Student: 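Sharing a structure with you now.
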Amino acid sequence: MEKYIVIAGNIGAGKSTLVRHLCETLGWQPYYEPVTENPYLEDFYRDMEKWAFHSQLFFLADRITMHKELQDFQGSVVQDRSVYEDAEIFARNLYLQGEINRRDFQTYWKIYQNAVSLLTPPDLVVYLRAGVPSLKERIVQRKREFEAEIPEIYLEHLNSLYDEWIRSFGMSEVLILNIEDYDILENPEDLNSIAVQIKEKLRGVQGELFS
């Protein structure tokens, strides 16, 4: 692996769009969210408190596998959401909401921390930040049926955890972008502007990386 960028952000922030554009622009390899079907998901939606721990543990294992795969990749990669977010945002939110009990969360957290200590961190995390109205608008635009009923309070909780996480994240450099300042769905110039900022951030951290 040469260079490793993570695109982080809440549901509907535009991560996949940005990953695709960066890889087309830079000739890098995209890594999207795992598409493996979670065998616990149906049970989770039927009884969250009973199955949240199992479901999140499966997602964590899937994300660790992906991180190791891209870590071994011979080239530069851009990843859509990271193992850190699975744990620090989504699993933690379920714990705070009482869907995962304290004992199970402590077990989950120990596995997560041990795994992270063995993985190579990214060179740069690009955090796409947005208010809930903007997230809801983008969620509606992409017309995914399973996202249609996501409550605003859920997105607000995730936003708070994202902000808390990114403030304390110290394993790599961070670039925070307010996506309300950009139209990354319709305006190629805005996407190019973000690509330039990412290049400059990487140059400042690691020297000249691009010709």
Side-chain angles (χ1 to χ4, degrees), residues 1-38 56 58-91 112 114-130 138-139 141-142 144 147 162 165-166 169-177 179 182-211:
M1 181 176 62
E2 296 178 8
K3 296 295 172 286
Y4 171 20
I5 297 176
V6 162
I7 307 299
N10 206 338
I11 301 164
K15 298 180 300 298
S16 298
T17 300
L18 183 56
V19 169
R20 183 167 55 252
H21 177 77
L22 287 174
C23 290
E24 290 173 354
T25 301
L26 304 176
W28 290 11
Q29 176 69 31
Y31 273 77
Y32 297 101
E33 290 197 74
V35 295
T36 307
E37 184 176 350
N38 186 333
Q56 285 302 131
F58 178 87
F59 280 133
L60 179 64
D62 230 29
R63 192 74 68 175
I64 291 169
T65 300
M66 178 185 231
H67 194 119
K68 181 63 168 60
E69 180 182 334
L70 66 86
Q71 182 176 298
D72 295 339
F73 181 75
Q74 297 301 308
S76 294
V77 298
V78 184
Q79 184 183 17
D80 178 352
R81 189 169 281 153
S82 64
V83 64
Y84 313 108
E85 294 161 82
D86 268 4
E88 306 271 0
I89 313 302
F90 293 92
Y112 161 66
N114 284 335
V116 165
S117 71
L118 300 174
L119 297 173
T120 302
D123 297 294
L124 176 66
V125 172
V126 181
Y127 171 44
L128 305 183
R129 194 178 190 286
R138 286 172 169 81
I139 288 170
Q141 287 176 345
R142 65 190 190 182
R144 295 178 182 173
E147 294 178 342
Y162 261 109
W165 166 66
I166 207 69
F169 187 75
M171 286 185 281
S172 65
E173 286 296 313
V174 172
L175 175 62
I176 300 175
L177 298 171
I179 66 167
Y182 305 91
D183 182 359
I184 63 175
L185 296 179
E186 301 292 340
N187 192 338
E189 291 183 2
D190 283 353
L191 283 167
N192 290 335
S193 172
I194 292 174
V196 168
Q197 292 182 63
I198 290 173
K199 291 179 185 179
E200 291 176 347
K201 188 73 171 179
L202 286 171
R203 284 193 184 106
V205 175
Q206 299 173 341
E208 187 67 35
L209 303 177
F210 300 89
S211 59

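Just so it is clear, the structure is predicted and the values come from calculations on it, not from any experiment. Both backbone and side-chain heavy atoms feed into the values below; hydrogens, waters and symmetry mates do not.
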Student: Which heavy atom in S16 sits nearest to a heavy atom in D80, and how many Å separate them?
Tutor: OG-OD2, 2.6 Å
Student: Quick check: closest heavy atoms across T120 and H67, and the distance to 0.1 Å?
Tutor: O-NE2, 2.8 Å
Student: Tell me the closest heavy-atom pair linking V19 and P30, and the distance in Å.
Tutor: CG1-CB, 3.8 Å
Student: Under 4.5 Å between any side-chain heavy atoms of D123 and I5, yes or no?
Tutor: no
Student: With rounding to the nearest 0.5 angstrom, report the CD to CD1 distance, E88 to I166.
Tutor: 10.0 Å
Student: So do the side chains of Y32 and K15 get within less than 4.5 Å of each other, counting heavy atoms only?
Tutor: no
Student: State the OG1-OH distance between T17 and Y182, to the nearest 0.5 angstrom.
Tutor: 15.5 Å
Student: Is the backbone N or O of A61 less than 3.5 Å from a side-chain atom of T65, with the two atoms forming a donor-acceptor pair by type?
Tutor: yes
Student: Would you say V6 and E85 make side-chain contact, with heavy atoms under 4.5 Å?
Tutor: yes
Student: With side chains defined as the heavy atoms from C-beta onward, is the minimum distance between L191 and T25 less than 4.5 Å?
Tutor: no
Student: Where do K201 and V174 come nearest, in terms of heavy atoms and distance?
Tutor: CE-O, 3.3 Å
Student: So do the side chains of Y84 and V116 get within less than 4.5 Å of each other, counting heavy atoms only?
Tutor: yes
Student: Minimum heavy-atom separation for V83 to R63, with atom names?
Tutor: CA-CG, 3.1 Å
Student: Rounded to the nearest 0.5 Å, how far apart are CD1 of I11 and CZ of R81?
Tutor: 6.0 Å
Student: Under 30°, 30 to 60°, or over 60°: which ring-plane class applies to Y162 and Y127, parallel, tilted or perpendicular?
Tutor: parallel
Student: Rounded to the nearest 0.5 Å, how far does CG of D190 lie from CD1 of I179?
Tutor: 11.5 Å
Student: Between V125 and W165, is any pair of side-chain heavy atoms under 4.5 Å apart?
Tutor: yes
Student: Roughly how far, to the nearest 0.5 Å, is the OG atom of S76 from the NZ atom of K3?
Tutor: 6.0 Å
Student: Is there a donor in the side chain of Q71 and an acceptor in the side chain of Y4, or the other way round, less than 3.5 Å apart?
Tutor: no
Student: Considering non-hydrogen atoms only, spot the tightest contact between L26 and K199 and give its length.
Tutor: CD2-CE, 3.3 Å
Student: About how many Å separate OH of Y31 and CD1 of I7, when rounded to the nearest 0.5 Å?
Tutor: 15.5 Å
Student: Using only atom types and a distance under 3.5 Å, with no angle test, would you say the side chain of Q74 pairs donor to acceptor with the backbone of D72?
Tutor: yes
